[in-house]
**Student:** 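To start, I am sharing the structure in question, which I have written as structure tokens.
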Amino acid sequence: MADEKLTSQKENFSEWYNQVVLRADLADYSPVRGCMVVKPYGWALWENMQSQLDRRFKETGHVNAAFPMLIPKSFFEKEKEHVEGFSPELAVVTVGGGQELDEPLVIRPTSETIIGHMYAKWIKSYRDLPVLINQWANVVRWEMRTRLFLRTLEFFWQEGHTAHATAEEAQEETLRMLDVYADFAINEAAVPVIKGVKSESEKFAGAVNTYSIEAMMGDTKALQAGTSHNLGQNFAKAFDIKYLDQNNTLQYCWTTSWGVSTRFVGAIIMTHGDDNGLILPPRLAPYQVVIVPIYKNEEERSKVMEAVESVRKQLSGFRVKVDDRTEVTPGFKYHEWELRGVPLRLEIGPKDVEKNSVMAARRDIPGRAGKSILSQDQLAGQVQDLLDTIQAALLKRATDFRDANIHDVSSYDELKQVVESGWANAFWCGCADCEAKIKEETKATSRCQPFDQDRSQKGACVVCGKETDRRTYFSKAY
RNA sequence: CGGGGUGUAGCGCAGUUGGCAGCGCACCGCGUUUGGGACGCGGGGGUCCGCGGUUCAAGUCCGCGCACCCCGACCA
């Protein structure tokens, strides 16, 4: 596997990305164009992400359920914007059991329609509200161009779907889940994200408002890492989701939906990775620690392996891999586990047995500078400290990189220049024409209008000059 | 769907004028190695993308398909 140098990020970021995904053994191409096989190492990473997200969903009152993958095609014709948004990318089943179907079935691209249909059946009274359901599922969207994890025909995600009695509650829920995503991204994945509102043209098909967390990748392009939609009463009206309020009056519900997908794996790869490969944040890494034993002969081997065993026992509270392969040398293992992003490597050889020590190597600091000698006594505490340090260092590095590549711009020329290698923070009037012009001429799109901004300042829209108090990020994006 | 490219061993590729299908890595066996990508010897593995044609003879020439990759429009 790991027999050659990786293409460097500087040379060709996108080639670097592809090579890392394949060589780190996260995923592989499938026989079907645009689909991917998530391999055990990649899936283990996803499972850790899932459990951190799922814990947060439960803590905020949500429960999991499973809705079917096949949805009657007619459901996609009920909400006008939703139809327009999704019809070009639907996969449709027309034959079942050798018979032409009376009504074609769509393989879900997202589940607002089928869930809306069921909610209409389940919700009768204000006492039934709110309904707070999440599902972990796979969905299919017939994309033109695909890339492993970032955009595949089939992908895995969670989609939360909630129904509320009031507009205020739905809005609160929408923002609560955006906060959950940001908290996960920052504190688990060490991916600094910016929360904000999507523009009219970038919002979800059928939503009143779409909010997102936006992340900056290592090549300064943006990646939408999670979204939360306030659907207003659009789907409630299309699917007849109604309840009787305290005054015995029939009301439409207010609904939301929100999702994070396996795309986030791509965000982790492109936020932290370097020219030696993947760097995984300790809190999500499938293996937090890899132990590489070193010995020359049978006598050394038995002593070293004894120490390795005792270290492994001390570290039972961590996700540890002991690489006891005999067919490859320690140096080979160092390179391989660096490529695969394990945050901390412990080397144990004859010298360590003698001195009751282990050599620790941090993945985030290459070479000698990242190495330190630990005592075998009270190792768990030292390892925990190192992992915490690495987690914090990754977040800081990514945050510094992001901030260094976001520039306030005050003119259109400046914006054009900035989006070639970073994000532009610009006053924008919010109109579709100005946005379209930027996209047309620079290939940069509006990412979000960040919550965190000083609205007392006014300025001129970088395109048309109209006065506004709103700044928006523009950049090239995945 | 437009533009470009590629299909030969698991992967990366070479294959001249049409004349026994090869190389590197990976894999298997044995031995020596092992603190930053080890080495020697031996070995296994092929529908040359598919179909049709030309020819004594096709990986190679001709025709028609198909698939995948890259660049655009579309998207989480």
Side-chain angles (χ1 to χ4, degrees), chain A residues 1-6 12 14-15 18-19 22-23 28-35 84-90 109-110 138-159 181 198 201-205 207 210 212-215 222-229 257-267 276-277 292-298 300-301 304 323-339 345-355 357-359 361 366-368 370-371 373 439-440 443 445 477-478:
Chain A
M1 182 200 313
D3 54 329
E4 287 157 38
K5 269 243 168 337
L6 215 52
N12 185 342
S14 139
E15 180 60 25
N18 288 334
Q19 288 184 8
L22 295 172
R23 290 169 57 173
D28 201 355
Y29 293 104
S30 88
V32 177
R33 177 195 77 86
C35 292
E84 288 169 14
F86 280 101
S87 56
E89 53 186 58
L90 296 181
T110 178
N138 54 344
V139 293
V140 170
R141 299 179 186 179
W142 216 262
E143 301 290 352
M144 288 303 161
R145 285 200 58 212
T146 59
R147 300 203 52 196
L148 293 170
F149 288 112
L150 297 177
R151 188 174 301 104
T152 44
L153 293 199
E154 178 190 23
F155 60 92
F156 301 87
W157 74 346
Q158 56 69 216
E159 45 179 328
Y181 287 157
K198 284 296 204 182
S201 75
E202 294 282 328
K203 80 176 192 197
F204 177 73
T210 288
S212 72
I213 49 172
E214 299 286 329
L223 184 88
Q224 181 176 310
T227 50
S228 187
H229 314 292
S257 68
W258 26 275
V260 159
S261 74
T262 37
R263 172 180 244 205
F264 204 105
V265 172
N276 294 324
V292 178
I294 299 155
Y295 48 80
K296 286 193 175 64
N297 50 48
E298 185 53 37
E300 285 183 357
R301 197 195 74 87
V304 165
D323 189 349
D324 55 4
R325 287 176 295 175
T326 54
E327 66 272 22
V328 289
T329 60
F332 182 94
K333 293 175 186 177
Y334 299 168
H335 283 271
E336 181 166 298
W337 291 112
E338 280 167 11
L339 172 64
R345 180 180 73 238
L346 299 181
E347 307 165 12
I348 303 178
K351 291 178 209 164
D352 299 294
V353 171
E354 210 173 292
K355 291 187 284 190
S357 64
V358 303
M359 179 66 86
R368 191 158 285 279
K371 287 200 174 188
I373 296 170
K439 187 173 178 179
E440 169 86 29
K443 289 180 186 164
T445 50
Y478 279 98

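Just so it is clear: chains get the letters A, B, ... in the order the sequence lines come, proteins before strands, and each one is counted from 1.
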**Student:** Tell which nucleotide pairs with B:C56, taking only Watson-Crick or G-U wobble pairs whose two distances are both under 3.5 angstrom.
**Tutor:** B:G19
**Student:** Would you mind telling me which of B:G72, B:C70, B:G36 lies closest to the side-chain atoms of A:Asn18?
**Tutor:** B:C70
**Student:** Answer with base, sugar-phosphate or nothing: what part of the nucleic acid does A:Thr445 contact at a heavy-atom distance below 4.0 Å?
**Tutor:** nothing
**Student:** B:C69, B:G37, B:A73: which one has an atom nearest the side-chain heavy atoms of A:Tyr29?
**Tutor:** B:C69
**Student:** So what's B:U47 paired with, Watson-Crick or G-U wobble, going by both distances under 3.5 Å?
**Tutor:** none
**Student:** By the 4.0 Å heavy-atom rule, please label A:Asn297 as base, sugar-phosphate, or nothing.
**Tutor:** nothing
**Student:** Touch check for A:Leu223, heavy atoms < 4.0 angstrom, all strands: base, sugar-phosphate only, or nothing?
**Tutor:** nothing
**Student:** Find the distance A:Met144:CE to B:C1:C1' and express it as a whole number of Å.
**Tutor:** 7 Å
**Student:** Rounded to the nearest Å, what distance is computed from the CD atom of residue A:Glu327 to the P atom of nucleotide B:C30?
**Tutor:** 13 Å
**Student:** Return yes when atom CD of A:Glu298 has more than 12 non-hydrogen atoms of other residues, nucleotides or ligands closer than 6.0 Å, and no otherwise.
**Tutor:** yes
**Student:** With heavy atoms under 4.0 Å as the rule, sort A:Tyr295 into base, sugar-phosphate or nothing.
**Tutor:** base
**Student:** Return the pairing partner of B:C66 with a 3.5 Å limit on both distances, Watson-Crick or G-U wobble; otherwise return none.
**Tutor:** B:G7
**Student:** Answer yes or no: side-chain N or O of A:Arg345 and base N or O of B:G36 forming a donor-acceptor pair under 3.5 Å.
**Tutor:** yes
**Student:** One thing to verify: whether A:Lys351 and A:Glu354 come together as a salt bridge, which I'm taking to mean a side-chain N less than 4.0 angstrom from a carboxylate O.
**Tutor:** no
**Student:** Under 4.0 Å, counting only non-hydrogen atoms across every strand here, what does A:Glu338 touch: a base, just sugar-phosphate, or nothing?
**Tutor:** base
**Student:** Nearest whole Å is fine: how far is B:A38 C1' from A:Arg325 CZ?
**Tutor:** 15 Å
**Student:** Rounded to whole angstroms, how far apart are NZ on A:Lys439 and C1' on B:G72?
**Tutor:** 13 Å
**Student:** What's the closest nucleotide to the A:His335 side chain, out of B:C74, B:G35, B:G36?
**Tutor:** B:G36
**Student:** What is the distance from CD of A:Glu89 to P of B:C1, rounded to the nearest Å?
**Tutor:** 17 Å
**Student:** Which part of the nucleic acid, if any, lies within reach of A:Lys351 when heavy atoms closer than 4.0 Å are counted: base, sugar-phosphate only, or nothing?
**Tutor:** base
**Student:** Give me the distance, rounded to whole Å, that separates B:C1 from B:G37 when you measure between the C1' atoms they each carry.
**Tutor:** 45 Å
**Student:** For nucleotides B:C25 and B:C20, find the distance between their C1' atoms and express it as a whole number of Å.
**Tutor:** 26 Å
**Student:** Between B:G59 and B:U54, how far is it from one P atom to the other, in whole Å?
**Tutor:** 16 Å
**Student:** What pair of heavy atoms forms the shortest contact from A:Pro350 to A:Ile294, and how long is it?
**Tutor:** CD-O, 3.2 Å
**Student:** Does atom NZ of A:Lys355 have more than 12 heavy-atom neighbours, drawn from other residues, nucleotides or ligands, at distances under 6.0 Å?
**Tutor:** no
**Student:** I'd like to check A:Thr227 versus A:Phe204 (side-chain heavy atoms, cut-off strictly below 4.5 Å). Are they in contact?
**Tutor:** no
**Student:** According to the Watson-Crick and G-U wobble definitions, with both distances under 3.5 Å, which nucleotide is paired to B:C1?
**Tutor:** B:G72
**Student:** Using a cut-off of 4.0 Å on non-hydrogen atoms, how would the nucleic acid contact of A:Phe155 be classed: base, sugar-phosphate, or nothing?
**Tutor:** base
**Student:** A:Gly349 near the nucleic acid: base, sugar-phosphate alone, or nothing, with a heavy-atom cut-off under 4.0 Å?
**Tutor:** base
**Student:** Atom CG of A:Leu153 and atom C1' of B:C68: how far apart are they, to the nearest Å?
**Tutor:** 13 Å
**Student:** Go nucleotide by nucleotide along RNA chain B from the 5' end; which of A:Thr152 and A:Thr146 gets its closest nucleotide reached first?
**Tutor:** A:Thr146
**Student:** Which sits closer to the 5' end of RNA chain B, A:Val328 or A:Ala225, going by the nucleotide each is nearest to?
**Tutor:** A:Val328
**Student:** Any non-hydrogen side-chain atom of A:Tyr334 less than 4.5 Å from a side-chain atom of A:Asp323?
**Tutor:** no
**Student:** How close do A:Leu90 and A:Phe86 get, counting heavy atoms only, and between which atoms?
**Tutor:** CG-O, 3.3 Å
**Student:** For A:Lys371, which contact category applies under a 4.0 Å heavy-atom criterion: base, sugar-phosphate, or nothing?
**Tutor:** base
**Student:** Atom CG of A:Leu22 and atom P of B:C25: how far apart are they, to the nearest Å?
**Tutor:** 21 Å
**Student:** Would a 4.5 Å heavy-atom cut-off, applied to side chains only, mark A:Trp258 and A:Gln158 as touching?
**Tutor:** yes
**Student:** Could you tell me which nucleotide pairs with B:G40 by Watson-Crick or G-U wobble geometry, both distances under 3.5 Å, or answer none if nothing does?
**Tutor:** B:C30
**Student:** On the nucleotide B:G37, are OP1 or OP2 found under 4.0 Å from the side-chain N or O atoms that A:Thr329 carries?
**Tutor:** no
**Student:** How is A:Glu347 classified with respect to the nucleic acid when contacts are heavy atoms under 4.0 Å: base, sugar-phosphate, or nothing?
**Tutor:** base
**Student:** Base, sugar-phosphate, or nothing: which does A:Arg301 touch, judged by heavy atoms less than 4.0 Å apart?
**Tutor:** nothing
**Student:** Would you kindly give the CD-to-C1' distance between A:Glu336 and B:U34, to the nearest whole Å?
**Tutor:** 16 Å
**Student:** Pick the C1' atom in B:C69 and in B:C28, then give their distance to the nearest Å.
**Tutor:** 32 Å
